[in-house]
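Report on the structure given below.
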Amino acid sequence: MGFDNHNSNFLRFARKRGKPFGRVATMGRQGMPGGGYCEQFLLDKFDASLVESFDYSDFEGATHIVDLNEPISGHDGKYDTIIDFGTMEHVFNAPQGLKNVSKLCAPGGQIIH
């Protein structure tokens, strides 16, 4: 999956709630229309301070290679914003995948599906 106009509009709506994006984790490395990936877009347009990605494969150069079907560790509460625009639908063990995403999110953070 990747960013499109609808996803960008949804992120703008989420930002209007007043929460800074801060440290961001994307589930899957999110592509942009026309090529490239979302990291610089989030840093420039949404004032993210850090953008890292979690993916099952290193095919797209994700920051962290993990299997969301299994418990992951080492990143607990590290991210202020979690963005999932189409990765969790590919996780067979949905309860574990959602637990992983919740553990990645800092207290008071936001998860955007």
Side-chain angles (χ1 to χ4, degrees):
M1 291 302 292
F3 277 57
D4 61 19
N5 288 335
H6 299 291
N7 296 357
S8 296
N9 288 334
F10 188 65
L11 290 178
R12 282 196 268 301
F13 173 77
R15 187 174 59 184
K16 285 183 182 179
R17 294 182 49 227
K19 282 190 179 269
F21 277 35
R23 299 163 305 189
V24 176
T26 64
M27 298 298 101
R29 188 152 189 222
Q30 300 295 307
M32 296 292 293
Y37 294 96
C38 72
E39 291 85 0
Q40 198 61 50
F41 176 73
L42 291 170
L43 292 165
D44 293 344
K45 303 295 185 190
F46 291 92
D47 298 322
S49 58
L50 168 78
V51 181
E52 297 183 338
S53 53
F54 288 76
D55 208 333
Y56 181 75
S57 162
D58 65 358
F59 175 72
E60 294 180 301
T63 311
H64 304 283
I65 308 305
V66 298
D67 182 353
L68 293 170
N69 289 293
E70 303 294 332
I72 62 173
S73 62
H75 309 283
D76 296 2
K78 182 176 177 182
Y79 302 97
D80 303 303
T81 302
I82 312 292
I83 298 173
D84 169 37
F85 285 157
T87 294
M88 294 304 295
E89 68 189 46
H90 300 284
V91 176
F92 179 74
N93 188 349
Q96 183 61 57
L98 293 171
K99 285 179 190 175
N100 287 330
V101 169
S102 294
K103 280 183 66 177
L104 292 172
C105 194
Q110 59 188 343
I111 300 171
I112 302 171
H113 287 285

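Note that these values count all heavy atoms, side chains included, but never hydrogens, waters or copies made by symmetry. All of these numbers come straight from a predicted model, not from anything done at the bench.
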- Message: Out of the candidates Leu11, Val51, Val24, only one should pair with Thr81 under the side-chain contact (heavy atoms from CB on, under 4.5 Å) rule; please name it.
- Response: Val24
Between [X] (side chain only) and [Y] (backbone N and O only), is there a donor and an acceptor less than 3.5 Å apart?
X: Arg23; Y: Lys78; result: yes
X: Asp84; Y: His113; result: no
X: Thr87; Y: Met27; result: yes
X: Asn100; Y: Glu70; result: yes

Taking atom [atom1] of [X] and atom [atom2] of [Y], what is their separation to the nearest 0.5 Å?
X: Cys105; Y: Lys103; atom1: SG; atom2: NZ; value: 13.5 Å
X: Ile72; Y: Lys99; atom1: CD1; atom2: NZ; value: 13.0 Å
X: Gln30; Y: Tyr37; atom1: CD; atom2: OH; value: 10.5 Å
X: Ile83; Y: Phe10; atom1: CD1; atom2: CZ; value: 10.0 Å
X: Leu104; Y: His64; atom1: CG; atom2: NE2; value: 8.5 Å
X: Tyr79; Y: Thr26; atom1: OH; atom2: OG1; value: 9.5 Å

- Evaluate the criterion side chain to side chain contact (heavy atoms under 4.5 Å, CB included) for residue pair Ile112 and Phe13; output intermediate values, then yes/no. CA-CA 11 Å; Ile112 302 171; Phe13 173 77; over 6 Å; no
- Are there more than 12 heavy atoms of other residues, nucleotides or ligands under 6.0 Å from atom CG of Asn5?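 No - once you tally the heavy atoms of other residues, nucleotides and ligands closer than 6.0 Å, there are 12 at most.
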Provide the closest heavy-atom pair for [X] versus [Y] in the form atom of the first, atom of the second, distance.
X: Arg12; Y: Asn9; value: NH2-OD1, 2.9 Å
X: Asp55; Y: Ala62; value: CB-CB, 3.6 Å
X: Ser53; Y: Gly28; value: CB-O, 3.9 Å
X: Gly77; Y: Ala106; value: O-CB, 3.4 Å

- Query: Ring centroid separation for Phe54 and His75, is it under 6.0 angstrom?
  - Reply: yes
- Task: Measure centre to centre between the rings of Phe46 and Phe41, then say whether the value is under 6.0 Å.
- Result: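 Ring-ring flag for Phe46/Phe41: true, centres closer than 6.0 Å.
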- Query: Hey, mind stepping through Arg29 and Glu39 against side chain to side chain contact (heavy atoms under 4.5 Å, CB included) and telling me if it holds?
  - Reply: CA-CA 9 Å; Arg29 188 152 189 222; Glu39 291 85 0; 2.8 Å; yes
- Query: With a 4.5 Å heavy-atom cut-off, do Val91 and Tyr56 have their side chains touching?
  - Reply: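 No, every pair of side-chain atoms sits at 4.5 Å or beyond.
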- Task: Kindly work out whether a path of hydrophobic side-chain contacts (I/L/V/M/F/W/Y, heavy atoms less than 4.5 Å apart) joins Phe21 to Ile111.
- Result: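 Phe21 and Ile111: separate clusters.
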